[in-house]
Protein chains: 2
Amino acid sequence: MDKLGDNLKLEKQPTAEKAAKVLEEGINKKYACIISANCTARYSGRAESFLDLGDRIIFIKPDTTVLIHQTSGSQPVNWMPNNTVHNVSVKKDKLVLSSARISPPEKLEVEMDQVHFVNIMEMEDREKIQTQGSEKHMAEMIYKNPSLISKDFKPVSMEEQTKYGFIDVFGHDGKGVLTIVECKRYSADLGAVTQLRRYVERIKKDKGLKKVNGVIAAPKISSNAKKMLEDWGFKFKMVEPPKHFEEKKKKQSILSNF
Amino acid sequence: MDKLGDNLKLEKQPTAEKAAKVLEEGINKKYACIISANCTARYSGRAESFLDLGDRIIFIKPDTTVLIHQTSGSQPVNWMPNNTVHNVSVKKDKLVLSSARISPPEKLEVEMDQVHFVNIMEMEDREKIQTQGSEKHMAEMIYKNPSLISKDFKPVSMEEQTKYGFIDVFGHDGKGVLTIVECKRYSADLGAVTQLRRYVERIKKDKGLKKVNGVIAAPKISSNAKKMLEDWGFKFKMVEPPKHFEEKKKKQSILSNF
DNA sequence: GGGGAGAGATGCCGC
DNA sequence: GCGGCATTTCTCCCC
């Protein structure tokens, strides 16, 4: 049995008036609303944009977020975050969705020449995703297994705060020289090196030190970043982010179940 | 008339077998597929994640992109980019969508306890969004109106390439001292300052110069970034990104049509 | 709300 | 493909 059955409405090729009525109900009741339509979209706020006629999926979430998706790509072509106010109207036989936010001031207007379907439904979801393998997990792994950095590395703290930023792992080497470790879960780039440099300089200044070690821990590093790293006397240590749920698979085995 | 009418199927509360059949058809024909279901999701690849039972919207695009959305937030809770291979099956009365990519090796498995609806349809969209107000537009505006930076600024080039990055606007002041301008379309942060610093140092080294001007052009700058900027002898110039489609509206007037 | 930084970031462009 | 970087980035966390 589907307990949400009563709170689910599907309208195939509705008139603009019928679509407007269903959509208004969905927005008012904080249902998920999905529309397929041939439409234009105009955005004005943090930037300005216009998208001419084409078939798109329009998705209004219970939290007022709205997403407009084209036929390709992971990212919506237009969107509004939550805290958006929606207004539905019919102008010249077209269904118009006007969405606006106060801060920052921005608005999105979707004009639908043809609605292929409208669909509203109640959704219930209290779960939060559990993820492993983030940069924070890398820092924790290094904190617990300092030999991943070097034989004599002694970690002291994680997420150390400075005015110039947060330090992933902080400690010292066998000679007592302070060591700052910056973790990157993928390839370290120039930004990672300047970030590390900023922390090292800040600590040197704050504590009046002449020498502070800087280490980038990542699975790999770009060529220019490596050069800049060496210019500044820092070190690179190859470290893979931890994955607990499953062992990393070879390319071949990933498609094995097909 | 809706010419896509024939290529649109809506199934309300289908059995797992029926849902599988429709979904397979949609995937094979490269239609847009939208499913509402009570499901779990398990991801393994660049990281690892698990999401327990809840109602979600699953959207498979014609380009094989798949997005899973919860009831709130702009971002999908799970997703796969294009170049994904999808496999549909029924296991213990549950509809299972297995999606895998080769590079990087990653897979997503969605197990649906209950399918609220499945919906497949053809979509046609050849339009590309037109946007104004990007950082590149800011650079062009400054290049054409150098007085936005200072009375004596003479721009020479845009998108100047160095090994350590791309310089937004490059020129010199009235005394012939080289000037590097870094544009930010929103608040400039510490990263923007280190980015500018990287370019200035690189140019100094490459050309054997003692002094090179550094300017950040942005609508605003964070307090710490301003301090770091001044420490390095750089300058901040308030510049708004250009918006051509509409004049920027006051907060009050944004909601005027409601 | 500002500030700082990560993200399974994605997307774009250049080499 | 890698590299460098912007994004209406979004999201989280801390002050």
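A, B, ... follow the sequence lines: proteins, then strands. Residue 1 opens every chain. Note: hydrogens, waters and symmetry copies are ignored here, and every other heavy atom, side chains too, is used.
Heavy atoms from other residues, nucleotides or ligands lying under 6.0 Å from NZ of A:Lys204 number more than 12.
Contact of the A:Val215 side chain with the A:Phe234 side chain is not registered, since no non-hydrogen atoms from C-beta on lie closer than 4.5 Å.
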For nucleotides 9-13 of chain D, which of its nitrogen or oxygen atoms have a protein nitrogen or oxygen under 3.5 Å away, and what is each distance?
residue : atom : partner  : partner atom : Å
D:dT9   : OP2  : B:Arg185 : NH1          : 2.5
D:dC10  : OP1  : A:Arg46  : NH2          : 3.2
D:dC10  : OP1  : A:Trp79  : NE1          : 2.8
D:dC10  : OP2  : A:Arg46  : NH1          : 2.9
D:dT11  : OP1  : B:Ser74  : N            : 2.7
D:dT11  : OP1  : B:Gln75  : N            : 3.2

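When the nucleotides C:dG2, D:dT7, D:dG3 are ranked by their closest atom to the side chain of A:Ser223, D:dG3 comes out on top. Across D:dT8, D:dC5, C:dA7, the shortest atom-to-atom separation from the side chain of A:Ala47 is found for D:dT8. Checking D:dT8, C:dG8, D:dC5 against the side-chain heavy atoms of A:Ser49 singles out D:dT8 as nearest.
Between C:dG6 and A:Gln195, a contact under 4.0 Å exists linking OP1 or OP2 to a side-chain N or O. The phosphate of D:dA6 (OP1 or OP2) has a side-chain N or O of B:Lys184 nearer than 4.0 angstrom. Taking only side-chain nitrogens and oxygens, A:Ser222 comes nearer than 4.0 Å to OP1 or OP2 of D:dG4.
Remark: A:Glu109 does not engage A:Lys107 in a salt bridge, criterion side-chain N to carboxylate O under 4.0 Å. Between B:Arg101 and B:Glu106 there is a salt bridge, since a side-chain N of the basic residue sits under 4.0 Å from a carboxylate O of the acidic one. Between B:Glu201 and A:Arg197 there is a salt bridge, with a side-chain nitrogen of the basic residue lying less than 4.0 Å from a carboxylate oxygen of the acidic one. With salt bridges taken as basic N to acidic carboxylate O contacts below 4.0 Å, one links A:Glu230 and A:Lys226.
Distance CD (A:Gln70) to P (C:dG11): 11 Å, rounded to an integer number of Å. A straight line from CG of A:Asn83 to C1' of C:dG1 spans 13 Å, rounded to a whole angstrom. Going from atom CG of A:Leu229 over to atom P of D:dG4 covers 13 Å, rounded to whole Å. As a whole-Å value, the separation of B:Asp189 CG from D:dC5 P is 14 Å.
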- Item | Secondary structure of DNA chain C in dot-bracket form (Watson-Crick or G-U wobble, distances below 3.5 Å, | marking inter-strand pairs) | |||||||.|||||||
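With hydrogens and angles ignored, no donor-acceptor pair under 3.5 angstrom links the side chain of A:Glu135 to the base of C:dG6. Taking only distance into account, the side chain of A:Asn224 never meets the base of D:dG4 through a donor-acceptor pair shorter than 3.5 Å.
In the model, B:Asn213 has a side-chain atom that pairs as donor or acceptor with a side-chain atom of B:Thr179 under 3.5 Å.
Under the 6.0 Å cut-off for aromatic ring centres, B:His69 and B:Phe59 do not qualify, their centroids lying 6.0 Å or more apart.
In this structure B:Asp125 satisfies the side chain to side chain donor-acceptor pair (under 3.5 Å) test together with A:Arg56, A:Gln70, sequence neighbours excluded.
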